[in-house]
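The residues of the chain are indexed from 1 along the displayed sequence. As a basis for the values below, the full set of heavy atoms in this structure was taken, side chains included, without hydrogen atoms, waters or symmetry mates.
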Amino acid sequence: MGANSSSISELPENEYLQKLSGSEPISENDPFWNQLLSFSFTTPTNSADLKLLEEATISVCKSLVEKNPRTGNLGSLIKVFLSRTKELKISAECQNHLFIWQAHNALFIICCLLKVFISRMSEEELQLHFTYEEKAGPSSYGAECEDLIEELLCCLVQLIVEIPLLYPCQHTDSNWWKWLCSWYRGRYSGGVTSALGDITYSISLEAVTTLIVFLSCQLFHKEILRESIIHRYLMHGRCLPYTSRLVKTLLYNFIRQERSPPPGTHVFQQQTDGGGLLYGIASGVATGLWTVFTLGGVGSKASAQLEQCSPLASQSLLLLLVLANLTDTPDTPNPYRQAIMSFKNTQDNTAFSSSNPHAFQINFNSLYTALCEQQRSDQATLLLYMLLHQNSNVRTYVLARTDIENLVLPILEILYHVEERNSHHVYMALIILLILTEDDGFNRSIHEVILKNITWYAERVLTEISLGSLLILVVIRTIQYNMTRTRDKYLHTNCLAALANMSAQFRSLHQYAAQRIISYTCRHLRRYVYVLDKLYFPHSHCSTLQHCFSTLSDNGEELLSLTCSHILRSYASSLFSLLSKKHNKVLEQATQSLRGSLGSNDSPLPDYAQDLNVIEEVIRMMLEIINSCLTNSLHHNPNLVYALLYKRDLFEQFRTHPSFQDIMQNIDLVISFFSSRLEQAGAELSVERVLEIIKQGAVALPKDRLRKFPELKFKYVEEEQPEEFFIPYVWSLVYNSAVALYWNPRDIQLFTMDSG
């Protein structure tokens with residue numbers, strides 16, 4: 001990039017960069033390109049490094065933006081890159097590694113320039129920078145522009161799908177690559193992986209990154225792009241035949257999690273036995289350029305984050321998510337989404353459907369393992385959601401696994417640490433659980449998986465608990481957090497739907513899980529009475545009633561005193577008697593009365609009044625969940641009956657409530673039946689004796705006495721225009737998580753920085 005340049009601060013004065021961005025056109029055949037591209041460097045590994053680089057070279061980029069329409073130097077650089085990649089594939093007789101080295105360097109420069117160009121101009125303006133026709137004059141731009149863009153995009157796709165990483169023989173049968181592998185084995189004592197693998201890893205990563213940059217025009221638009229030049233090229237024409245291979249390669253990059261080679265390991269040293277005239281010229285020039293290009297003062301030491309992960313895997317997953325969420329065109333559905341929806345297991349020998357030309361096979365066992373191990377990231381959770389929701393082959397395979405806990409536990413950890421996660425990540429984790437609970441086999445099997453010592457669950461020591469009981473605990477905790485903090489109806493509705501799907505298959509519930517189901521319901525029952533009191537009697541100073549609710553702790557675990565329970569029982573009875581006359585009309589009158597007391601019909605209602613419908617909805621659903629369990633698996637859940645009997649006083653108050661009367665019939669029957677048997681057994685019974693009586697009573701209780709209700713079943717359905725949610729979400733992940741990519745936050749239009 002420039003003779004004797006040794007620091008970022010010197011880049012603006014670099015003679016090669018100045019010439020590239022200068023006023024003189026540079027032919028693609030000019031020796032200048034060998035000089036520009038023959039440098040060795042440590043590729044930037046994080047956005048901070050790229051920010052430093054962009055700030056240092058902004059003057060060069062601005063100059064190129066201004067002068068390139070007259071010089072066409074960007075187009076010449078791209079043509080040089082294309083020629084290097086072609087030479088890499090077909091010029092085995094050259095017998096040197098110069099082409100892949102220079103191709104990587106050219107692609108790095110192109111990626112940096114494209115990022116600046118795309119952030120500063122429309123796609124139509126970008127097209128004008130891709131060609132320069134000297135004979136026709138400086139303002140003539142022809143069809144070659146579009147051809148060059150498509151050729152570059154197609155070349156990037158080919159690089160990703162055709163260049164192997166560390167195991168070339170498993171990836172391709174091309175003769176040129178077999179020759180290159182053989183040549184490197186004889187050239188380097190460390191074999192292919194020490195030299196060839198390092199540089200191919202870097203160019204593969206650079207190709208993936210450049211494709212992301214090409215698609216990043218979405219970041220600079222508030223509206224979802226439904227028509228795009230870049231999208232059209234990727235979804236039609238020359239790129240289309242590579243769809244399934246590209247999706248498969250990106251998935252395998254994610255699965256393998258190949259770690260980045262240590263910075264500087266792909267720097268090629270000058271050979272003493274020659275290597276061709278072109279190599280000799282280039283290596284001679286390289287001695288006057290940077291020997292190692294370092295950023296951020298880190299030298300050649302890899303960051304701790306990169307030591308723990310794979311940049312190529314992370315970047316490949318982001319590109320896959322971006323491609324899968326491109327909007328459909330009026331005449332063609334997104335082929336990348338079609339590929340994701342239809343791929344099969346390598347062990348599946350059934351024929352592919354002729355209606356989907358983009359289907360392929362992949363190792364499901366490896367994919368499942370990677371998904372289990374990588375759920376700490378938003379993007380891996382989003383991929384899991386997409387596969388479970390859109391690919392029936394993957395969903396069937398996952399539900400048939402006998403080690404389902406390896407997938408469910410990381411999802412539960414996401415929900416458990418809800419305070420530390422962004423809302424989108426929590427949503428995706430929750431929807432995954434909802435999709436899984438749609439399957440009765442899953443709902444049964446999770447109660448058969450026994451876990452030991454769940455260390456991340458801090459509320460109580462869980463030395464042994466079933467996966468099903470743990471799932472219940474975490475979901476209830478998530479609902480409770482949402483009701484008290486975020487107050488998001490979408491979240492608690494889906495939580496309750498997952499519990500409802502599971503309820504008929506509750507088996508051998510852990511005593512703490514049973515207790516939490518009942519205590520959480522009771523908490524809302526008490527809250528409901530409190531809100532009704534405030535709504536009907538806004539000026540009442542019922543200090544005793546208010547004191548009853550002030551004794552409730554934040555997590556609802558503390559019991560009310562006997563005095564409070566007595567007051568609540570009589571007070572709730574009178575309120576429900578009033579409500580039972582005309583429930584909706586009475587509530588409406590109370591609401592109007594409250595607005596009047598606030599001085600205006602337009603005044604917003606207090607939170608407690610707005611919460612009434614939500615609380616009633618939660619109570620109704622929790623009562624249905626309890627009823628479903630009692631109706632379908634009473635004899636399997638003595639701990640739930642025990643917890644219900646322990647709180648029977650509060651439940652008995654709601655038997656006359658007009659919204660709950662029907663669902664309370666079975667619960668009231670169970671309470672009465674088992675209370676009678678306990679009274680017959682005498683006073684001061686031990687816990688063990690009570691549970692024994694409950695187990696005996698469960699066998700004796702006639703099933704026909706319990707009223708049958710429709711089965712609780714909820715199915716996840718994406719809302720209309722899901723792209724309005726997913727596209728900003730995916731690009732926020734790219735913005736925050738992409739390796740070595742930096743965009744100025746002031747330029748982002750698609751989402752706010754808070755949502756990113």
Determine whether a donor-acceptor pair (N or O, by modelled atom type, separation under 3.5 Å) exists between the side chain of R516 and the backbone of L473.
no

Quick check: does any side chain N or O of N637 sit under 3.5 Å from a backbone N or O of L509, one acting as donor and the other as acceptor?
yes

Any Lys/Arg nitrogen of E459 or R477 sitting under 4.0 Å from an Asp/Glu carboxylate oxygen of the other?
yes

Whether N453 side chain and T455 backbone form a donor-acceptor pair below 3.5 Å:
no

Salt bridge K713-D440, side-chain N to carboxylate O under 4.0 Å
yes

Residue among E718, H424, M386 satisfying side chain to side chain contact (heavy atoms under 4.5 Å, CB included) with F726
E718

Closer than 3.5 angstrom, by distance alone: can the side chain of S445 be matched with the main-chain N or O of G441 as a donor-acceptor pair?
yes

How far apart are the closest heavy atoms of P728 and F751, and which atoms are they?
O-CD2, 3.8 Å

Does a sphere of radius 6.0 Å around NZ in K715 hold more than 12 heavy atoms from other residues, nucleotides or ligands, not counting ones at 6.0 Å or beyond?
no

Do N391 side-chain atoms and I340 backbone N/O form a donor-acceptor pair below 3.5 Å?
yes

Heavy atoms of L630 and L706 approach each other most closely as O-CD1, 3.8 Å

Between R620 and D662 (salt bridge meaning N to carboxylate O under 4.0 Å), is one present in this structure?
yes

So, for C495 and I479, which heavy atoms are closest and what is the spacing to 0.1 Å?
CB-CG1, 3.3 Å

M664 backbone acceptor or donor facing D668 side chain under 3.5 Å
no

Relative to the ring of F343, is the ring of F364 parallel (under 30°), tilted (30 to 60°) or perpendicular (over 60°)?
perpendicular

Apply salt bridge (Lys or Arg N to Asp or Glu O under 4.0 Å) to E405 and list each qualifying residue two or more places apart in sequence or on a separate chain.
none

So, using salt bridge (Lys or Arg N to Asp or Glu O under 4.0 Å) as the criterion, who are the partners of E711 when residues are at least two apart?
none

With under 30° as parallel and over 60° as perpendicular, where do the rings of Y716 and Y385 fit, or are they tilted in between?
perpendicular

Looking only at the aromatic ring of each residue, does the gap between the centers of F651 and Y646 stay below 6.0 angstrom?
no

Can you tell me if N639 uses its side chain to pair, donor with acceptor, with the backbone of H510 under 3.5 Å?
no

Counting distance only, does the side-chain N/O of S628 pair as donor-acceptor with the main-chain N or O of E624 below 3.5 Å?
no

Taking D403 for the side chain and N406 for the main chain, is one N or O donor matched with an acceptor at less than 3.5 Å?
no

Indicate the atoms forming the closest heavy-atom contact of I625 with L496, along with that distance.
CD1-O, 3.9 Å

Give a yes or no on this: more than 12 heavy atoms of other residues, nucleotides or ligands lie within 6.0 Å of atom CD of E719.
no

Stepwise side-chain hydrogen bond (donor to acceptor under 3.5 Å, both in side chains) check, S508 with H447
CA-CA 7 Å; S508 304; H447 292 287; over 6 Å; no

Here the pair of heavy atoms bringing S503 nearest to L712 is OG-CD1, 3.9 Å

Would you call the rings of F660 and F654 parallel, tilted or perpendicular if under 30° counts as parallel and over 60° as perpendicular?
tilted

Side-chain donor or acceptor of N363 paired with backbone N/O of S366 under 3.5 Å:
yes

Who passes salt bridge (Lys or Arg N to Asp or Glu O under 4.0 Å) against E692, sequence neighbours left out?
R689

Please report the closest heavy-atom contact between L434 and A498, naming both atoms and the distance.
CD1-N, 3.8 Å

Check for me whether the distance between the ring centres of H524 and Y528 falls short of 6.0 Å.
no

